[in-house]
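Written below as structure tokens is the structure these notes are about.
Lettering follows sequence order; numbering is per chain, from 1.
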There are 4 protein chains.
Amino acid sequence: MRNYKRSPLMEERLAANRQRILDAARTLVARGGLREAQIGAVAAEAGLSSGAIYRYFPSKAELFVDVLTEAVRQEIEILDAIAAGPGTATQRLTLAVESFVRRALRGPNLAYAFIAEPAEAEVDAARIRCRMMFGDVFKRLLKEGIAAGEFPAQNVDASAACIVGAYTEALVGPIAPATRSTRSQDRLIESVRDFCVRAVGVSAPITPTARTRKSAAKG
Amino acid sequence: MRNYKRSPLMEERLAANRQRILDAARTLVARGGLREAQIGAVAAEAGLSSGAIYRYFPSKAELFVDVLTEAVRQEIEILDAIAAGPGTATQRLTLAVESFVRRALRGPNLAYAFIAEPAEAEVDAARIRCRMMFGDVFKRLLKEGIAAGEFPAQNVDASAACIVGAYTEALVGPIAPATRSTRSQDRLIESVRDFCVRAVGVSAPITPTARTRKSAAKG
Amino acid sequence: MRNYKRSPLMEERLAANRQRILDAARTLVARGGLREAQIGAVAAEAGLSSGAIYRYFPSKAELFVDVLTEAVRQEIEILDAIAAGPGTATQRLTLAVESFVRRALRGPNLAYAFIAEPAEAEVDAARIRCRMMFGDVFKRLLKEGIAAGEFPAQNVDASAACIVGAYTEALVGPIAPATRSTRSQDRLIESVRDFCVRAVGVSAPITPTARTRKSAAKG
Amino acid sequence: MRNYKRSPLMEERLAANRQRILDAARTLVARGGLREAQIGAVAAEAGLSSGAIYRYFPSKAELFVDVLTEAVRQEIEILDAIAAGPGTATQRLTLAVESFVRRALRGPNLAYAFIAEPAEAEVDAARIRCRMMFGDVFKRLLKEGIAAGEFPAQNVDASAACIVGAYTEALVGPIAPATRSTRSQDRLIESVRDFCVRAVGVSAPITPTARTRKSAAKG
DNA sequence: CATGAATGAGAATTCATTCAT
DNA sequence: TATGAATGAATTCTCATTCAT
């Protein structure tokens with residue numbers, strides 16, 4: 001508790017340890033869900049002792065809140081970049097959904113655990129907050145599109161939530177097994193994307209060419 | 001030896017107990033997720049001892065499989081009735097989604113359990129089966145609508161999953177707190193319904209009047 | 001508790017029930033050991049309810065004490081008859097051991113459970129008493145044989161216990177699997193018999209012919 | 001990461017704890033059989049928490065397998081040394097039995113566990129193995145004695161089992177209470193020893209003097 | 001600061017025994 | 001008297017958290 005002689009070197013080391021713990025937790029959740037991510041296992045994966053975890057996080061719940069928050073922040077940043085980018089609202093929505101879905105398919109278990117798996121109340125609350133953050137991105141896009149006359153008037157809260165729910169189900173639900181060919185994954189992504197775009201009221205969804213996708217969507 | 005006292009009265013009492021256990025489990029899951037629904041808590045909620053639970057269900061896992069199955073069977077029946085009823089595919093899809101959403105907003109929020117923790121393998125398997133059952137109803141409707149020229153060609157598996165996911169999220173997600181006015185609930189229901197109908201490619205979703213609704217949709 | 005109108009018919013019926021319970025318990029112990037012989041299982045096997053067991057026996061422990069005692073009494077009677085019968089001490093010891101071993105091999109699991117398997121303290125105490133009863137038969141024979149000059153002087157308590165222990169091990173121990181040919185069982189019986197007879201000091205054990213055996217040993 | 005504190009001191013402490021657990025289990029089994037030796041009781045006897053047991057042993061069954069194995073290994077080593085030592089087969093058999101019996105009479109009455117309840121399958125299997133190991137020592141001695149013409153031809157499997165059974169009964173049976181004078185213990189030991197030696201066919205068992213015993217038998 | 005052994009509060013499940021019907 | 005549903009204490013094992021080294 002007393003800050004005696006905390007050199008920059010030590011500071012760095014501590015930050016590195018903290019990150020290692022977060023990474024370890026994330027890895028384990030992705031591998032086997034929260035159920036498998038016990039403190040002891042996280043510590044082992046991080047190359048630390050279980051006691052050490054409590055130097056960096058006050059409890060298991062707070063650790064996983066941080067893991068979740070960190071994981072989601074990256075996604076949000078990417079979505080925000082797309083939403084703030086060039087193009088019509090329709091184009092940006094299309095890209096955003098596609099990017100979101102595509103990235104989620106890469107680490108399905110992490111997405112699964114954090115989107116769907118309940119945990120302690122604290123973690124659960126964080127999960128809800130994260131879903132809201134995702135929804136907000138889409139909500140902003142919807143508002144813009146409606147203002148621009150691209151989409152019909154609608155309950156943007158509901159539509160945003162529906163978008164998040166739609167791809168979540170399509171990804172973690174029964175039709176989304178982990179072992180799929182790239183091609184079939186592509187088709188799934190496109191299907192979900194088109195579903196969402198149609199849902200907001202675009203009668204003829206655009207289908208970006210590969211080139212368009214490459215240049216605009218990083219995810 | 002002789003069935004001295006296997007009276008209809010007792011028979012009734014047993015059935016009532018079984019139902020009380022199922023209801024208690026359902027209530028607890030709705031309240032705090034599977035995590036909070038321990039055998040002891042379920043027993044207390046049902047007004048029985050924990051040992052008694054095992055007279056009616058061989059294990060915790062099987063109890064919750066039954067809870068899920070029972071809850072879902074009711075919904076599926078109603079959805080099936082609507083899907084098999086009169087009207088265009090568009091009309092029936094509209095009604096089905098609306099009915100589904102409306103019912104879920106009532107009563108304990110069991111929908112939550114559908115995306116809940118993978119818990120024991122047995123429960124998880126049941127969860128997946130249930131989601132697929134829901135999806136199948138919508139899938140059939142979609143196929144009919146496409147055949148009838150009402151909806152554009154699309155990946156019906158993905159679209160069905162998206163519909164299930166969309167309303168699930170809208171119900172259990174951040175925008176669906178239990179304490180809302182009837183009016184705002186109605187608006188939410190209509191928003192989700194319209195989202196889904198648009199999503200399958202109907203450019204101008206119908207908005208059934210209250211009278212139409214009353215006469216056709218029971219949920 | 002009050003003896004109101006206990007007809008002879010009822011009396012008979014109660015005795016029959018009691019015996020059925022004892023038989024059921026014995027059967028179950030023989031089948032799977034005390035571990036498998038729960039009150040509920042005994043009741044089912046006896047065609048009664050578990051509550052009924054407590055009309056006839058005050059507790060599980062006392063039931064099994066009775067089962068044990070009854071099972072052992074039969075054996076003791078047979079052994080006593082042999083011991084009190086004709087022939088030299090050596091001949092009678094030979095027959096007694098052989099009879100004992102032979103009968104035990106018929107229901108190996110019952111013998112096993114009651115000779116070897118510990119249980120509640122009460123049952124355990126009864127088990128000890130039974131072993132002593134067996135030992136006493138041999139002890140008497142030993143004393144007679146020593147008095148007659150057939151056996152050398154020895155600690156008859158120890159020798160009697162050793163005889164009981166010797167065949168117990170040979171029967172329930174690793175070399176006594178249940179599935180054996182009659183012939184190999186016969187050889188085992190003879191080996192144990194000869195071991196015991198030699199052990200008490202008979203230098204050249206007799207080997208009774210089949211005829212001798214048939215006529216003298218009932219077991 | 002770095003093994004900061006894996007000091008020899010801690011290493012020692014862990015080994016001591018492990019041994020304390022084994023000793024505690026052994027004590028409890030000797031006192032009241034496997035039935036009384038629950039994890040909680042073992043932990044208390046060892047001065048640890050029940051959770052700590054699982055740091056040293058993966059399950060209750062494996063703990064007791066280890067208890068049995070450890071107890072038996074010591075005995076087998078001593079018996080083997082005697083069997084491989086100098087002297088005629090008769091002399092060595094005499095010493096082996098005596099040593100075995102003598103040691104069993106000391107210390108906690110673990111011999112009991114050798115005929116104890118089939119408990120978990122794992123423990124049971126270990127129990128059978130241990131009995132066979134004891135039997136094998138005697139079997140080898142018997143074979144040598146027969147080859148040397150000291151003992152008559154006989155079923156060495158049965159005889160070996162009988163020897164193990166004889167002293168087991170004499171030790172754990174009704175005639176062997178723990179509270180006896182040294183003198184009466186000595187007499188019991190000699191009686192059992194002579195019984196076994198006679199049993200394998202030695203007509204005039206030797207009775208080693210105290211001096212012979214001291215010099216040859218350590219147990 | 002790091003370690004990991006130890007803790008101990010649960011959690012699911014079993015089963016002898018009781019008691020209302 | 002017989003029934004068998006209900007009880008609840010007991011048991012094994014888990015794992016987040018603490019703390020002596």
Where does DNA chain E pair, written as one dot-bracket string 5' to 3', with Watson-Crick or G-U pairs under 3.5 Å, ( ) inside the strand, [ ] for crossing pairs and | for another strand? .||||||||||||||||||||
For nucleotides 8-11 of chain E, which of its nitrogen or oxygen atoms have a protein nitrogen or oxygen under 3.5 Å away, and what is each distance?
from   : atom 1 : to      : atom 2 : distance (Å)
E:dA11 : OP1    : B:Gln38 : NE2    : 2.8

Rounded to whole Å, how long is the line connecting atom [atom1] of [X] with atom [atom2] of [N]?
X       : N      : atom1 : atom2 : value
A:Leu28 : F:dC15 : CG    : P     : 13 Å
B:Glu12 : F:dA5  : CD    : P     : 15 Å
A:Phe64 : F:dC15 : CZ    : P     : 13 Å

Would you kindly compare C:Tyr56 and B:Ile53 by the position of their nearest DNA chain F nucleotide and give the one closer to the 5′ end? C:Tyr56
Using the closest heavy atom to pick a nucleotide of DNA chain F for each, name whichever of B:Arg13 or D:Ala61 lands nearer the 5' end.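 The residue mapped nearer the 5' terminus is B:Arg13.
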So C:Ile21 and C:Leu63, do their side chains get closer than 4.5 Å, heavy atoms only? yes
Counting only side-chain heavy atoms from C-beta out, which of F:dA5, F:dT21, F:dT17 sits nearest to B:Met10?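 Nearest to the side-chain atoms of B:Met10, counting from C-beta on, is F:dA5.
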Side chain to side chain donor-acceptor pair (under 3.5 Å) pairs touching residues 45-63 of chain D, sequence neighbours excluded, are D:Asn17-D:Tyr56
Residue pair B:Glu36, B:Leu28: steps toward the side-chain contact (heavy atoms from CB on, under 4.5 Å) verdict: CA-CA 7 Å; B:Glu36 306 292 316; B:Leu28 288 181; 5.8 Å; no
Taking only side-chain nitrogens and oxygens of D:Arg55, does any of them come within less than 4.0 Å of OP1 or OP2 of E:dA5?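 The answer is yes; a side-chain N or O of D:Arg55 sits under 4.0 Å from OP1 or OP2.
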